[in-house]
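For the numbers below, each heavy atom of this structure counts, side chains included, while hydrogens, waters and symmetry mates do not. Heads up: numbering here begins at 1 and tracks the sequence.
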Amino acid sequence: MVEFEGDPKMKTQIAILALFMTPLFVNAGEVAVTWKDFKEYRDVRPGNETRGSFHKRVEKQLQKHLEELATKLPEGYKLAITFDEIDLAGDVHYGTTDIRVIKPIHFPRFEISYKLTDKSGKTIAEENSVTLKDMSFMDRIKRGMDESFYYEKRLLTDWFEDDLMKKVS
């Protein structure tokens with residue numbers, strides 16, 4: 001422990017500063033994501049973007065989102081998830097400018113397999129070929145208007161909170 005000489009006010013200020021620099025959230029759970037070849041997924045086609053960079057962006061965004069969700073798991077828990085199929089919200093329309101058009105008929109859908117283990121390695125939940133879809137994805141209030149892959153992230157969040165977290169408790 002470091003001792004500071006001087007006035008008590010300075011000690012208090014340093015203690016408060018140290019408190020604010022300490023992370024508030026500890027990454028309690030961990031997630032490992034397995035991807036298949038993006039060219040084989042049903043619909044991970046880019047609009048006005050190269051295929052490779054778009055696939056990397058999808059992977060990075062969904063990976064980051066799952067890592068954020070995993071912080072809600074108890075310490076030492078591990079979630080291994082495989083994306084067997086991906087069908088992003090919307091559909092790409094090709095023409096002079098290729099764009100992804102979001103319509104209610106093209107809802108987000110994932111087929112996943114997952115395994116959740118506790119800190120001792122015991123399997124808490126394990127399923128293969130789980131279909132996640134949100135056919136009414138455009139009927140709910142949208143928060144985060146400019147967020148990339150908003151509907152897909154919301155679908156994963158709903159599954160995580162409504163299904164997976166119930167198996168934890």
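- For the atom pair NZ (Lys60) and CD (Gln63), the distance works out to 11.5 Å, reported to the nearest 0.5 Å.
- From His93, atom NE2 reaches atom CD1 of Ile99 across 7.5 Å, with rounding to the nearest 0.5 Å.
- With Lys153 contributing its side chain and Gln61 its backbone, the two residues share no donor-acceptor pair below 3.5 Å.
- Considering only residues two or more places apart in sequence or on other chains, Lys115 meets the side chain to side chain contact (heavy atoms under 4.5 Å, CB included) condition with Thr117, Thr123, Glu126.
- The CG atom of Leu156 sits 15.5 Å away from atom OH of Tyr151, with the distance rounded to the nearest 0.5 Å.
- Asp84 places a side-chain heavy atom less than 4.5 Å from the side chain of Lys36.
- Between Pro46 and Arg51, the closest heavy-atom pair is CG-CA, 3.7 Å.
- Checked by atom type and distance alone, the side chain of Glu85 pairs as donor or acceptor with a backbone atom of Arg42 at under 3.5 Å.
- Within the 4.5 Å cutoff, side-chain heavy atoms of Leu79 are placed close to those of Leu164.
- Contact annotation: the side chain of Val31 never approaches that of Lys78 to less than 4.5 Å [non-hydrogen atoms, C-beta and beyond].
- For the pair Glu111 and Val130, the minimum side-chain heavy-atom distance is 4.5 Å or more.
- The same ILVMFWY cluster, assembled from side-chain heavy atoms under 4.5 Å apart, contains both Leu66 and Leu132.
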Worked check of side chain to side chain contact (heavy atoms under 4.5 Å, CB included) between Phe110 and Lys133: CA-CA 6 Å; Phe110 296 122; Lys133 60 185 175 182; over 6 Å; no
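- Glu161 pairs by the salt bridge (Lys or Arg N to Asp or Glu O under 4.0 Å) definition with Lys72, not counting sequence neighbours.
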Would you please test Asn128 and Ile112 for side chain to side chain contact (heavy atoms under 4.5 Å, CB included) and show each step? CA-CA 7 Å; Asn128 294 315; Ile112 62 168; over 6 Å; no
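- Within a 6.0 Å sphere centred on NZ of Lys167, heavy atoms belonging to other residues, nucleotides or ligands number more than 12.
- Hydrophobic clustering keeps Met135 apart from Leu155 (ILVMFWY residues linked when any side-chain heavy atoms are closer than 4.5 Å, directly or through intermediates).
- Residues Thr71 and Leu73 fail the side-chain proximity criterion, which asks for heavy atoms closer than 4.5 Å.
- Few gaps surround CZ on Arg57; more than 12 heavy atoms of other groups in view lie less than 6.0 Å from it.
- The structure places CD of Glu49 at 9.5 Å from NE2 of His55, a figure rounded to the nearest 0.5 Å.
- Going from atom OG of Ser129 over to atom OH of Tyr114 covers 12.0 Å, rounded to the nearest 0.5 Å.
- Shown here are the ring-ring contact (aromatic ring centres under 6.0 Å, His included) partners of Phe54, two or more places apart in sequence or in another chain: Phe149.
- What you find for Tyr77 and Val168 is that their closest heavy atoms are CE2-CG1, 4.1 Å.
- Partners of Asp43 under the salt bridge (Lys or Arg N to Asp or Glu O under 4.0 Å) rule, at least two apart in sequence or in another chain, are Arg45, Arg100.
- The main-chain N or O of Asp98 is found under 3.5 Å from a side-chain atom of Asn48 such that the two form a donor-acceptor pair.
- By the side chain to side chain contact (heavy atoms under 4.5 Å, CB included) test, Asp37 pairs with Lys39, Glu40, sequence neighbours left out.
- Note that CG of Asp134 is 8.5 Å distant from CG of Asp139, once rounded to the nearest 0.5 Å.
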Begin from the C-alpha positions of Ile102 and Met138 and carry the test side chain to side chain contact (heavy atoms under 4.5 Å, CB included) through to its verdict. CA-CA 9 Å; Ile102 308 292; Met138 293 188 77; 3.9 Å; yes
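- Both Leu88 and Val33 belong to a single network of hydrophobic side chains, linked directly or stepwise wherever heavy atoms of I, L, V, M, F, W or Y lie under 4.5 Å apart.
- If you chain together hydrophobic residues whose side chains sit under 4.5 Å apart, Val44 and Ile81 fall into the same group.
- The aromatic ring centres of Phe107 and Phe137 sit 6.0 Å or more apart.
- Scored by the ring-ring contact (aromatic ring centres under 6.0 Å, His included) test, Trp35 finds Phe38, Phe83 as partners (sequence neighbours excluded).
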